[in-house]
Amino acid sequence: MSHEAEAVRAAIEGELSLLDPAVRSSRTEAVRLLDPEFTEVGASGRRYTYEDTVAGLPDKPGSSADGPVYEPSEITGVLLAPGLVHLTYETRFDGRHARRSSLWRKRDEKTGWRMYYHQGTPVPPEADQGASPGPGPEAGRGGPRPAA
C-alpha cells in the first residue's frame with residue numbers, strides 16, 4: 001500500500017470511528033481522535049473548539065447506542081501534504097442528509113492521525129432530488145462570465 005493510500009485509509013478509519021456511538025460517548029476516545037487544535041463549523045455557522053467538542057460529544061445526536069446512527073457514504077480522501085488528509089463524504093442521520101468535509105493531521109507516530117477540522121452542510125430536500133449534470137450556480141464565482 002502506498003504512503004498516500006495508507007494515510008487516507010487511516011483518516012477514513014478515524015472518521016468512521018467518530019461516527020460510532022460507542023466512540024462518540026467516550027471522552028477518552030474523543031481525546032484520542034481529535035487534534036488539540038480541532039475546530040468545527042456547525043450547520044448554524046457556530047464555531048466549536050476542541051474543548052467544546054470533547055465536553056459535548058457524548059450528548060450530541062448519534063452518541064446513544066439505542067438512538068439513530070450516522071450512515072456515511074461516498075467517502076473519499078486525498079493526501080494534501082505530508083501529515084494532512086482531506087476527506088469528503090455524505091451522511092444520512094434520522095432522515096436528514098449532509099455533505100461533510102474533514103481535515104486529518106498527523107504530527108507524529110505517537111499521536112497518529114487526528115481530526116483537525118470538520119464542517120457539515122445540511123442538504124435541503126429539494127437539492128436531494130438528484131444531482132445536477134454540471135456545475136451549479138456557485139461554480140466559477142469570481143471568474144469569467146459567459147457572454148450574453
Side-chain angles (χ1 to χ4, degrees), residues 4-107 111-146:
E4 179 173 357
E6 176 58 29
V8 169
R9 185 207 56 77
I12 289 172
E13 184 178 291
E15 190 83 38
L16 294 176
S17 291
L18 281 169
L19 296 175
D20 181 332
V23 172
R24 294 175 68 80
S25 63
S26 167
R27 178 178 166 79
T28 302
E29 287 299 298
V31 167
R32 182 179 69 80
L33 291 167
L34 295 175
D35 189 276
E37 295 177 6
F38 172 81
T39 58
E40 175 178 356
V41 176
S44 66
R46 179 178 172 201
R47 184 179 305 260
Y48 296 90
T49 66
Y50 170 83
E51 291 80 11
D52 296 332
T53 304
V54 168
L57 191 59
D59 299 321
K60 286 191 174 187
S63 299
S64 172
D66 58 352
V69 296
Y70 284 94
E71 299 171 33
S73 65
E74 300 181 41
I75 191 163
T76 61
V78 63
L79 182 67
L80 298 176
L84 186 64
V85 170
H86 179 223
L87 299 180
T88 57
Y89 63 104
E90 301 193 14
T91 57
R92 300 264 177 197
F93 178 80
D94 202 22
R96 295 185 304 271
H97 179 199
R99 293 193 175 102
R100 300 181 175 279
S101 178
S102 297
L103 290 174
W104 284 76
R105 177 164 77 170
K106 182 178 181 181
R107 289 184 168 184
T111 59
W113 288 96
R114 290 177 161 180
M115 185 185 281
Y116 176 73
Y117 177 82
H118 182 78
Q119 183 167 354
T121 303
V123 177
E126 62 274 11
D128 218 6
Q129 298 305 312
S132 101
E138 295 177 348
R141 282 198 177 160
R145 303 233 182 246

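Just so we're clear, the structure is a prediction, and the values are computed from it rather than from any experiment.
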Would you name the heavy atoms of [X] and [Y] that are closest together and state the gap between them?
{"X": "Leu79", "Y": "Gly83", "answer": "CD1-N, 4.3 Å"}
{"X": "Gly120", "Y": "Pro122", "answer": "O-CD, 4.0 Å"}
{"X": "Val23", "Y": "Ser17", "answer": "CB-O, 3.1 Å"}
{"X": "Met115", "Y": "Leu18", "answer": "CE-CD1, 3.6 Å"}
{"X": "Ser63", "Y": "Pro58", "answer": "CB-O, 3.3 Å"}
{"X": "Arg99", "Y": "Glu90", "answer": "NE-OE2, 3.3 Å"}

Which residues satisfy the side-chain hydrogen bond (donor to acceptor under 3.5 Å, both in side chains) test with [X], sequence neighbours excluded?
{"X": "Arg100", "answer": "Thr91, His118"}
{"X": "Thr76", "answer": "Thr88"}
{"X": "Tyr48", "answer": "none"}
{"X": "Ser64", "answer": "Asp66"}

Checklist entry - Please, which pairs that meet salt bridge (Lys or Arg N to Asp or Glu O under 4.0 Å) have at least one residue in residues 37-65, sequence neighbours excluded? => result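 Listed by first then second residue: Glu37-Arg105, Glu37-Arg107.
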Checklist entry - Which residue pairs pass the salt bridge (Lys or Arg N to Asp or Glu O under 4.0 Å) test with at least one member in residues 10-24, sequence neighbours excluded? => result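 Those involving residues 10-24 are Arg9-Glu13.
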Checklist entry - Leu19 and Val69: side chain to side chain contact (heavy atoms under 4.5 Å, CB included), yes or no, with the steps? => result CA-CA 8 Å; Leu19 296 175; Val69 296; over 6 Å; no
Item to check | ring pair (Phe, Tyr, Trp, His ring centres under 6.0 Å) partners of residues 20-39, not counting sequence neighbours, each pair once | outcome: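 Every pair satisfying ring pair (Phe, Tyr, Trp, His ring centres under 6.0 Å) with a residue in residues 20-39: there are none.
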Next on the checklist: Give me each pair satisfying ring pair (Phe, Tyr, Trp, His ring centres under 6.0 Å) with a member in residues 75-102, each pair once, sequence neighbours excluded.
Outcome noted: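 Applying ring pair (Phe, Tyr, Trp, His ring centres under 6.0 Å) to every pair that reaches into residues 75-102, excluding sequence neighbours, yields Tyr70-Phe93.
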Item to check | Test item: Ser26 side-chain N/O and Ala22 main-chain N/O as donor-acceptor pair under 3.5 Å | outcome: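 Flag not set: sc Ser26 to bb Ala22 has no pair under 3.5 Å.
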Next on the checklist: For Leu87, is there any backbone N or O sitting under 3.5 Å from a side-chain donor or acceptor partner on Ser102?
Outcome noted: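 No; zero donor-acceptor contacts below 3.5 Å.
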Spacing of [X] atom [atom1] and [Y] atom [atom2] [to the nearest 0.5 Å]:
{"X": "Leu33", "Y": "Thr111", "atom1": "CG", "atom2": "OG1", "result": "11.0 Å"}
{"X": "Tyr117", "Y": "Leu103", "atom1": "OH", "atom2": "CG", "result": "8.0 Å"}
{"X": "Leu34", "Y": "Arg27", "atom1": "CG", "atom2": "CZ", "result": "10.5 Å"}
{"X": "Trp113", "Y": "Leu84", "atom1": "CH2", "atom2": "CG", "result": "7.0 Å"}

Next on the checklist: Tell me every residue that passes side chain to side chain contact (heavy atoms under 4.5 Å, CB included) with Ala55, counting only those two or more places apart in sequence or in another chain.
Outcome noted: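 Ala55 satisfies side chain to side chain contact (heavy atoms under 4.5 Å, CB included) with no other residue.
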Next on the checklist: Could you tell me if the side chain of Asp35 sits less than 4.5 Å from the side chain of Trp104, heavy atoms only?
Outcome noted: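 No, side chains not in contact.
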